[in-house]
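Quick notes on the structure that follows.
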Amino acid sequence: MKKFIDIQDCVRRGPRKMTAATIRLDNGREYEVQFADQRTGYGEKKFFICPRCGSRRTKLYLYGDQLLCRSCYPGEFYRTIKNVTPGGDLYIAHLMRSLARKEQIEFQRVPFCYLEYRKPKYRHFEKWHTAIVKLQALENMRNQAIFFNKRYPLDVIRGVLKGENVLLYVCTLQELDQYFYNWEDGSRLYNRSLDYFLKRQ
């Protein structure tokens with residue numbers, strides 16, 4: 001049984017100006033939901049309003065007889081990430097999958113390689129390219145966590161996710177795939193496929 005509702009399902013099925021709806025889930029029960037619109041550079045984006053806290057959300061999760069946002073959801077909603085080391089490879093892999101979902105990119109697998117992803121015809125190039133660069137950058141960090149046991153501070157990782165790290169703009173996708181970079185000072189560390197492993201012999 002599906003245990004959440006996604007705003008995209010409602011946008012596809014309902015009128016554009018709807019402010020509320022009654023949704024029937026797989027359990028046979030009906031739930032009242034309300035919507036809010038937010039202006040963007042391309043028009044308006046629709047969100048659910050969480051019944052408990054009033055925040056704008058793209059997903060609401062079934063808990064008992066309620067639909068709640070992830071912040072209001074009781075218990076360890078983030079149990080898949082809470083038990084891993086912050087900045088470690090599993091932590092970064094989780095962020096990569098979350099970013100791919102947000103950008104509507106069908107995430108294939110880890111290790112991530114940009115060559116496996118082609119831009120759909122309907123996608124805007126700059127937005128697609130920016131998301132792919134961020135994913136390749138996170139893969140660069142993830143590999144450092146595996147090979148060097150490197151743990152980047154969370155503010156450095158957030159800087160990549162927000163598009164604030166300068167390496168995102170000075171490195172090509174090929175370079176991000178081929179070399180290890182220090183995401184704190186911007187220096188290049190090793191050629192991923194050769195230099196580091198030769199140094200260890």
Side-chain angles (χ1 to χ4, degrees), residues 1-110 112 117 119-124 126-128 130-132 134-135 137-139 142 154-155 157-164:
M1 183 180 71
K2 192 173 181 179
K3 295 187 177 181
F4 68 90
I5 55 174
D6 191 309
I7 193 65
Q8 293 301 322
D9 294 334
C10 297
V11 169
R12 284 193 291 267
R13 298 176 184 178
R16 295 179 62 184
K17 295 297 183 180
M18 61 183 173
T19 59
T22 300
I23 297 176
R24 182 188 296 271
L25 296 184
D26 295 342
N27 61 3
R29 301 191 61 172
E30 293 184 341
Y31 300 85
E32 297 289 332
V33 293
Q34 293 185 319
F35 304 98
D37 293 323
Q38 179 175 309
R39 289 189 176 277
T40 68
Y42 302 96
E44 289 187 339
K45 185 175 181 180
K46 194 169 291 294
F47 292 87
F48 292 120
I49 299 176
C50 175
R52 178 174 291 183
C53 68
S55 62
R56 296 177 180 181
R57 301 289 180 168
T58 57
K59 289 185 177 71
L60 293 176
Y61 300 86
L62 182 62
Y63 180 74
D65 60 353
Q66 306 174 76
L67 288 170
L68 303 175
C69 73
R70 61 186 183 184
S71 296
C72 294
Y73 198 94
E76 291 194 13
F77 188 84
Y78 290 109
R79 59 186 175 274
T80 59
I81 193 172
K82 278 190 171 182
N83 295 325
V84 301
T85 304
D89 65 299
L90 295 178
Y91 180 91
I92 294 174
H94 174 86
L95 296 180
M96 292 170 68
R97 292 187 180 94
S98 296
L99 175 61
R101 281 196 300 270
K102 178 183 176 183
E103 298 296 340
Q104 298 179 349
I105 295 172
E106 188 175 342
F107 196 79
Q108 304 292 336
R109 62 188 176 88
V110 289
F112 176 88
Y117 296 81
K119 183 186 78 67
K121 292 182 179 179
Y122 65 89
R123 292 296 300 271
H124 186 274
E126 186 174 347
K127 187 174 182 181
W128 170 267
T130 298
I132 294 296
K134 289 179 182 178
L135 287 167
L138 291 170
E139 176 64 16
R142 193 185 73 85
L154 298 187
D155 62 324
I157 297 174
R158 282 193 293 268
V160 170
L161 290 171
K162 293 179 179 180
E164 297 171 349

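Start at 1 with the first residue, then count along the sequence.
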Could you check whether any side-chain heavy atom of Ile105 comes within less than 4.5 Å of a side-chain heavy atom of Leu99, counting everything from C-beta outward? no

Any side-chain heavy-atom pair from Pro51 and Leu60 closer than 4.5 angstrom? yes

Does atom CD (Gln34) have a neighbourhood of more than 12 heavy atoms from anything else shown, all under 6.0 Å? no

Where do Met96 and Arg142 come nearest, in terms of heavy atoms and distance? SD-CD, 4.2 Å

Pair Leu62-Leu68, side chain to side chain contact (heavy atoms under 4.5 Å, CB included): steps then yes or no: CA-CA 7 Å; Leu62 182 62; Leu68 303 175; over 6 Å; no

CD of Glu103 to CZ of Arg101: how many Å apart, nearest 0.5 Å? 12.5 Å

State the NZ-CD1 distance between Lys45 and Ile7, to the nearest 0.5 angstrom. 9.5 Å

Smallest heavy-atom separation, Leu67 atom then Ile5 atom, equals CD1-CD1, 3.7 Å

Nearest heavy-atom approach of Pro86 to Leu154 is CB-CD2, 4.0 Å

Residue Lys102 excluded, over 12 heavy atoms near NZ under 6.0 Å: no

Are the aromatic rings of Phe47 and Phe35 close, with centres under 6.0 Å apart? no

If you compare all heavy atoms of Trp128 against all heavy atoms of Arg123, which two are closest, and at what distance to 0.1 Å? CE3-NH1, 3.8 Å

Output for pair (Arg97 CZ, Leu135 CG), nearest 0.5 Å, gives 11.5 Å

Are the side chains of Thr130 and Lys134 in contact, using a 4.5 Å heavy-atom criterion? yes

I need the Ile23 CD1 to Arg29 CZ distance, nearest 0.5 Å. 14.5 Å

Donor-acceptor pair, distance only, cut-off 3.5 Å: does the side chain of Glu139 make one with the backbone of Phe112? yes

Distance from Asp89 atom CG to Leu138 atom CG, nearest 0.5 Å? 12.5 Å

May I ask you to test the Gln8-Gln104 pair for a side-chain heavy-atom distance under 4.5 Å? yes

Heavy-atom pair with the smallest gap, counting every atom of Gly87 and Ile92: O-CD1, 3.6 Å

With distance as the sole test, does Lys127 use its side chain to make a donor-acceptor pair with the main-chain N or O of Ala131 at under 3.5 Å? no

Donor-acceptor pair between Thr22 and Glu32 side chains, under 3.5 angstrom: yes

Residue pair Asp6 / Phe48: nearest heavy atoms and the distance that separates them: C-CE1, 3.7 Å

Glu126, CD: over 12 other non-hydrogen atoms inside 6.0 angstrom: no

Please work out which of the three classes, parallel, tilted or perpendicular, describes the rings of Phe107 and Tyr117, given edges at 30° and 60°. tilted

With a 4.5 Å heavy-atom cut-off, do Arg56 and Gln38 have their side chains touching? yes

Between CG on residue Asp155 and NZ on residue Lys162, distance to nearest 0.5 Å: 9.5 Å

How about Gln108: does its CD atom have over 12 heavy atoms from other parts shown lying under 6.0 Å from it? yes

